[in-house]
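Everything on this sheet refers to the single structure shown next.
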Amino acid sequence: MKLKVRENNTNPAPFHDGMHEEEVRLHFECGHCGNGFDEDLLSSLDKGEDWFRSLTESDQRSIAKGFGYKYEIVGPNKIPYVRFKNGNMAYFVNLPCPKCNTLSLVAVDFYEKQPARYIASLMAAAEVEAK
């Protein structure tokens with residue numbers, strides 16, 4: 001899997017900092033045609049995690065390498081994880097564009113900073129290129 005990375009941030013401003021994470025929206029534009037996405041963050045993270053874990057280890061490693069992140073397999077169940085340079089777990093959201101069929105991939109840093117205070121930042125964006 002090959003990525004065309006168009007944005008890669010080390011310390012971006014959060015697009016969410018607070019409570020009510022169940023109401024947070026992920027706003028993003030297709031890098032190919034500019035179509036706007038407005039997705040529920042939590043369900044997007046969940047679908048993205050399932051998608052990432054369904055990939056081959058080679059494709060998972062390619063994604064991590066393409067963004068410059070650390071790939072590791074953890075525990076007896078051999079669960080694949082990708083970590084940002086800050087050590088947080090990377091969540092990937094795959095967004096197929098309904099207008100041009102381009103598959104966009106965004107990396108989201110999402111974590112609980114304090115009890116009931118969640119931080120979400122868009123760390124990187126890329127288009128998945130055909131092999």
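Please read these numbers as outputs of a predicted model, since none were measured by experiment.
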* Structure fact -> Grouping ILVMFWY residues whenever side-chain heavy atoms fall under 4.5 Å, the cluster of Y111 otherwise contains I119

* **Non-neighbouring partners of F37 that pass ring pair (Phe, Tyr, Trp, His ring centres under 6.0 Å), sequence neighbours left out** => none

In Å, rounded to the nearest 0.5 Å, how long is the span from [atom1] of [X] to [atom2] of [Y]?
{"X": "E57", "Y": "D59", "atom1": "CD", "atom2": "CG", "result": "10.5 Å"}
{"X": "H32", "Y": "C100", "atom1": "NE2", "atom2": "SG", "result": "5.5 Å"}
{"X": "L55", "Y": "D50", "atom1": "CG", "atom2": "CG", "result": "11.0 Å"}

Can you get from [X] to [Y] by hopping between Ile, Leu, Val, Met, Phe, Trp and Tyr side chains that sit under 4.5 Å apart?
{"X": "L3", "Y": "W51", "value": "yes"}
{"X": "Y81", "Y": "L105", "value": "no"}
{"X": "Y91", "Y": "V106", "value": "yes"}
{"X": "L45", "Y": "L122", "value": "yes"}
{"X": "V108", "Y": "V82", "value": "no"}

* Which of these passes side chain to side chain contact (heavy atoms under 4.5 Å, CB included) with V128: K2, K4, M1? -> M1

Compare all side-chain heavy atoms of [X] with those of [Y] and state whether any distance is below 4.5 angstrom.
{"X": "E39", "Y": "V93", "answer": "no"}
{"X": "N94", "Y": "L103", "answer": "yes"}
{"X": "T102", "Y": "C33", "answer": "no"}

* A116 and M19: which non-hydrogen atoms are nearest, and at how many Å? -> O-CG, 2.9 Å

* Locate the shortest heavy-atom distance separating E127 from S104; write the atom from each residue and the value. => OE2-OG, 3.7 Å

* To do: Could you check whether the rings of Y118 and F110 sit parallel, tilted or perpendicular, using 30° and 60° as the cut-offs?
  => parallel

* To do: Check whether more than 12 heavy atoms from other residues, nucleotides or ligands sit under 6.0 Å from atom CE of M89, and answer yes or no.
  => yes

Can I get a per-line list of side-chain donor-acceptor pairs under 3.5 Å for residues 65-79, giving both atom names and the distance, sequence neighbours left out?
residue: Y69; atom: OH; partner: N8; partner atom: OD1; Å: 3.2
residue: Y71; atom: OH; partner: Q60; partner atom: OE1; Å: 2.6
residue: E72; atom: OE2; partner: R83; partner atom: NE; Å: 2.6

Report all side-chain donor-acceptor pairs from residues 22-30 shorter than 3.5 Å, counting only partners two or more places apart or in another chain.
residue: R25; atom: NE; partner: D38; partner atom: OD1; Å: 3.0
residue: R25; atom: NH2; partner: D38; partner atom: O; Å: 2.9
residue: H27; atom: ND1; partner: D38; partner atom: OD1; Å: 3.4

* Structure fact -> Quick note, salt bridge (Lys or Arg N to Asp or Glu O under 4.0 Å) partners involving residues 91-104, not counting sequence neighbours, are none

* To do: Can you tell me which residue pairs pass the salt bridge (Lys or Arg N to Asp or Glu O under 4.0 Å) test with a partner in residues 103-114, sequence neighbours excluded?
  => none

